[in-house]
Amino acid sequence: MKTAITEMFGIEHPIIQGGMHYVGFAEMAAAVSNAGGLGIITGLTQGTPEKLANEIARCKDMTDKPFGVNLTILPTLTPPDYPGLVKAIIDGGVKVVETAGRNPVELLPPLKDAGIKVIHKCTSVRHSLKAQDIGCDAVSVDGFECGGHPGEDDIPNFILLPRAADELDIPFVSSGGMADGRSLVASLAMGAQGMNMGTRFIATKEAPVHENVKKAIVAASELDTRLVMRPLRNTERVLTNEAVERLLEKEKRLGDELKFEDIIGEVAGVYPSIMMEGDMDKGAWSCGMVAGLINDVPTCQELIDNIMSEAEAILGRMQGQMAA
Ligand SMILES: Cc1cc2nc3c(=O)[nH]c(=O)nc-3n(C[C@H](O)[C@H](O)[C@H](O)COP(=O)(O)O)c2cc1C
C-alpha cells in the first residue's frame, strides 16, 4: 500500500511504532522496520547522546531499513541534553524523528538542515496546526483512547481524525486505539495516511520487555485503563494495578491540594522495574484502551502482515458491497 506516509519515510506499509519509554530499544525498532513498518527508538530512555548513539548503531546492525528516534520534550527544570541528542541522531544517519510533548520548534533547524523528516505527535487539532506552521513534515494525531498522555481535551479519534483531515495540509497518521486491519481502513477513511501504534507493539514476540507486561496487556480488557495525574494537568492513561488505585485514592483525598511529590512513589522511575523485571504493581505504566483488542503475542512480521491482509480484505469486501 502506498500513501503519503510510506513515500515520505521510505517504508513498505503505513504503520509506525510510536516511541515508548523502556520499550523502544533497538530490538523493537529493528523488528518493526524489518517487517516493513517504521520502528522508533525512544531517545529519552537512553538519556545521553553517547548512549543514544550506541543504540542507533545497534539498530543499524539489526536492520538496513529506515527507522526513527523519538524525542519527547518534557516540561522539566533539568532538561536532558536535547542538542546533544539531536547531534547523535544526525551523526547516526537517522532519517526520521518523532517529536512529542512540548512544541519542538527549537529542535527543528538542525534536523531540517540534515534532511531529517519530523513527525510531531499531538493530541489536538490546534497543536497539529502549530506543528504544520513551524515546519513539521507530518503529524501523529493521538486520540483520547491512546496509551500514555492523551492531553486534556478528551477528544476520541472518531472526531479528532476527521477534524484533523479538514484542517491540515500536511499528511498525518492516526494514533491511539489502533490494533488491526479494521483500524487501518478506518484511519484511511477518516483522512489519515497511515497509523501509529504503541500498546499493540508491546505485545509482540520481539518487544524487549518482561513476559509479565505482555501477559498483562493480553489479559486486560478495554475497561482496565485509568487516567492519572489529571489534577496536575499531566494526564496519563495507564493500566490499572495496586499502585494506580493507591494513586487515584490520593488524588481523590487531596483534591486541588495534590502535588507531584505526593505521588512520586507511584510514577517516578518505575519503568525499569516494570518493563525489565516484570514487577507489575510497582507503579503506573502507560497502556491504551486498545488492550481490549489484543489477544495474542505475534511476531512484528505476523502482526503487520495480518494487518495489511485484513485491511485489503475489508477494502475488497466494501468495494463488492458498493458494486452490489
Ligand atoms: C508503555 C508506553 C510508553 C510510552 N512512552 C512514550 C514516550 O516516552 N514518548 C512518547 O512520545 N510517547 C510514548 N508513548 C505513547 C506511544 O508512542 C503512542 O503514541 C501510544 O501508545 C498510542 O496509543 P495506543 O497505545 O493506543 O496505540 C508510550 C506508550 C506506551 C504504551
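It should be emphasised that the depicted structure is a prediction, and the values quoted were computed from it without experimental measurement. One-based numbering, in listed order, for ligands and for the atoms of each.
If you look at ligand 1, the protein residues with a non-hydrogen atom under 4.0 Å away are Gly18, Gly19, Met20, His21, Thr42, Asn70, Thr72, Ala100, Lys121, Asp142, Cys146, Gly147, Ser175, Gly176, Gly177, Asn196, Met197, Gly198, Thr199, Ile202, Met275, Ser286, Val290.
The environment of NZ in Lys205 is crowded: more than 12 heavy-atom neighbours from other residues, nucleotides or ligands sit within 6.0 Å. More than 12 heavy atoms of other residues, nucleotides or ligands shown are found within 6.0 angstrom of NZ on Lys65.
For residues 107-117, the side chain to side chain donor-acceptor pair (under 3.5 Å) pairs, not counting sequence neighbours, are Lys112-Asp137.
Looking at Thr42 and His21, their side chains never bring a donor and an acceptor atom within 3.5 Å of each other. A side-chain N or O of Asn70 and one of Thr72 form a donor-acceptor pair less than 3.5 Å apart.
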What do the steps show when you test Leu129 against Arg126 for side chain to side chain contact (heavy atoms under 4.5 Å, CB included), and what is the final call? CA-CA 5 Å; Leu129 285 171; Arg126 66 185 184 287; 5.7 Å; no
